[in-house]
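Small disclaimer: the values here were computed from a predicted structure and weren't measured. Every chain is numbered from 1 and lettered A, B, ... according to where its sequence line falls, protein lines coming before strand lines.
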There are 2 protein chains.
Amino acid sequence: MTAARRWPGDNASATKIPNRSDLDRSALLGHPFVVRLKSYVDLTNADIDAIARSIERTLVVPKKNSVVLEGYQCATVHLVKQGFGIRYKVLPNGKRQILNVVLPGDVIGLPGALFNRALYTVASMTVMTLHTMSLDAFTQMARATPNVLLAMMWLAEHDLTMIGDHLIGIGRLTPLERVANFIFEMWIRLHSVGHAVGNSIELPISQHVIGDALGLSAPHVNRMLRRLKDLGLIAITQGSLFIKDAEELQLLGRYKSHVPARISFSRL
Amino acid sequence: MTAARRWPGDNASATKIPNRSDLDRSALLGHPFVVRLKSYVDLTNADIDAIARSIERTLVVPKKNSVVLEGYQCATVHLVKQGFGIRYKVLPNGKRQILNVVLPGDVIGLPGALFNRALYTVASMTVMTLHTMSLDAFTQMARATPNVLLAMMWLAEHDLTMIGDHLIGIGRLTPLERVANFIFEMWIRLHSVGHAVGNSIELPISQHVIGDALGLSAPHVNRMLRRLKDLGLIAITQGSLFIKDAEELQLLGRYKSHVPARISFSRL
DNA sequence: CGCCGTCTTGAGTAAGTTCAACACTAGTGG
DNA sequence: CCACTAGTGTTGAACTTACTCAAGACGGCG
């Protein structure tokens, strides 16, 4: 971890490409964000329309660019349509900790919108397609459609559990277990939004980044990956990762999936 | 960390003392939970009445008892009125990771209510006074008073940032910094709900517990505490902790407070 | 072709764990 | 009232582990 190094995303000269958005309900139906919300609560067509109306524009962020910068004003909420990102923070001593990997269906900028400046930096790892919504539009939608607000709160709680599990991993798992856990989680999450085929996933993420996510040094991540390969659990070819023994990998990584409970106002 | 050890809170034979609750608005005004929500959004009297109506009973939990058990059904939301608790998880290898310390004003059981079983165990460290609300009552209140729902989402995001900071600490801070950070955070949080006098706080928490929170061994926590004492930053006498040099402690612990932004529907 | 980012490997070192033993305190039951 | 127990705080020594630093290989891209 070299302190002088410039992190990916530090080049704030991101050229963002704003478009007038012209989304209708049908365009949103396959959106990973809507898919995810629908897995939490039952959304009506009116709810989805409300989301569509609140979206102001579509943003395409080049790879290795920052989406939101820690400490800067942030009154925009971004819904991730495509691409990989990371949410991280750089400490005074130059070390970086990645809080979580941002995948399609995630929301960027919500905590930053509620506090009045962003708490963490979010940077793209690949090209990302985002749909943006101003904080005002978000709040307005929240008032009009409590269903969506409830789903958003659900989503916040889900994020909480993911960060909680991440915390547990860093605090009390061995490096080998952490790496196994990380790979398995990526696999599950990519599957849940339809971005994984079978046992194979694409991980456009350097070992250095994995290290910063898991609190390990890059060389050590390398050694642990090699160990997983030697154990016959995974195979790596050309940037894509193949899971050879999912069951054993899950066991080793102590991965436990959380079963969502569907709640809705209509139940009352 | 001995695997065979029984954690505080494992004695599930908690004798809980149910009372018919009879709370009105005035009784809630000084409640740390309401104080906290009001720091996020403007609550009307009607909002507070709605909270009061939703509370079903008052629960007094003896010290070192479990409030919710991981894996068990959990359709109740608890608002902490008094006392200390911890939210943790025990791993298959017998190690324990504490996610956060539960203080007055916190909510217990929300993620557990949204997933259909509790994800983590919450145990009391001291005697705790809780106000309980069924999940149904909570959802009903949420629909009727979007103001409160918005505040609850705010609270969820706030928890998210606290766990995020905890994650950063464990991942990338040195043990000494972690302990300094922990003490400072406790001080700030206790102050914010009026449970700290000046630079002195009561920490009814063993070093073993601190270790499980910070991912350290108990002996090492001890060494780090001694180091902080030797540095003249803190003093410990009889279970209460005195902060001698807050500024230096904050700096060492890399503690950064988050300034809340007040948002409300009425702004629209 | 040369460059840069990433992957890979090795050796030395600093760091924190583990294990074990003892002091001290408070609570408990005889 | 006292002995006993359990939990906690404290310290030391040996050991393991992962980091740091450094150097080289590989591969894509200008």
| Below 4.0 angstrom from OP1 or OP2 of D:dA6, is there any side-chain N or O of B:K64? | no
| query | Closer than 4.0 Å, any side-chain N/O of B:K95 to the OP1 or OP2 of C:dT17? | reply | no
| task | Identify which nucleotide among D:dT8, C:dT18, D:dT20 has an atom closest to any side-chain atom of A:S217, counting heavy atoms from C-beta outward. | result | D:dT20
| field | Protein-nucleotide distance (A:M125, atom CE; C:dG5, atom P), rounded to Å | value | 13 Å
| task | Starting at atom CD1 of A:I170, determine the distance to atom C1' of D:dA18, rounded to an integer number of angstrom. | result | 15 Å
| remark: In A:K81, A:H195, A:Q82, the residue satisfying side chain to side chain contact (heavy atoms under 4.5 Å, CB included) with A:P32 is A:K81
| Once you round it to whole Å, what is the distance between P of C:dT6 and CG of A:L241? | 18 Å
| query | B:M224 has an atom CE; how far is it from atom P of D:dG9, in whole Å? | reply | 16 Å
| remark: From the candidates D:dC19, D:dT10, D:dG12, the one with an atom nearest any side-chain atom of B:Q207 is D:dT10
| Interatomic distance, A:R223 CZ vs D:dT17 C1' [rounded to whole Å] | 11 Å
| query | Should B:N222 be listed as having a side-chain N or O under 4.0 Å from OP1 or OP2 of D:dG9? | reply | no
| message | If I take atom CG in residue A:L225 and atom P in nucleotide C:dT8, what distance separates them, rounded to the nearest angstrom? | response | 8 Å
| message | Please determine whether a side-chain nitrogen or oxygen atom of A:R226 lies at a distance below 4.0 Å from atom OP1 or OP2 of C:dT9. | response | yes
| Hey, does A:K244 have a side-chain heavy atom less than 4.5 Å from the side chain of A:I234? | no
| request: Would you indicate, yes or no, if D:dT8 has its OP1 or OP2 atom less than 4.0 angstrom from a side-chain nitrogen or oxygen of B:H208? | output: no
| query | Reckon A:G215 touches a base, only the sugar-phosphate, or nothing at all at heavy-atom distances under 4.0 Å? | reply | sugar-phosphate
| task | Just call it for B:P219: base, sugar-phosphate, or nothing, with non-hydrogen atoms closer than 4.0 Å on any strand. | result | base
| task | Let me know the distance between CG of A:L216 and C1' of C:dA15, rounded to the nearest Å. | result | 15 Å
| Per the side chain to side chain contact (heavy atoms under 4.5 Å, CB included) rule, which among B:T58, B:V67, B:T76, B:V77 passes with B:L130? | B:V67
| message | Let's see if you can work this out: which of D:dA13, C:dT6, C:dT9 has an atom nearest to the side-chain heavy atoms of A:S206? | response | C:dT6
| task | Ignoring the backbone of B:H220, work out which of D:dT20, C:dG16, D:dG9 is nearest its side chain. | result | C:dG16
| request: For the residue pair A:R226 and A:R223, establish whether any side-chain heavy-atom pair is separated by less than 4.5 Å. | output: no
| field | Cationic N near anionic O, under 4.0 Å, A:R189 to A:D106 | value | yes
| task | Write down the distance between CZ (A:R227) and P (C:dT8), rounded to a whole number of angstrom. | result | 15 Å
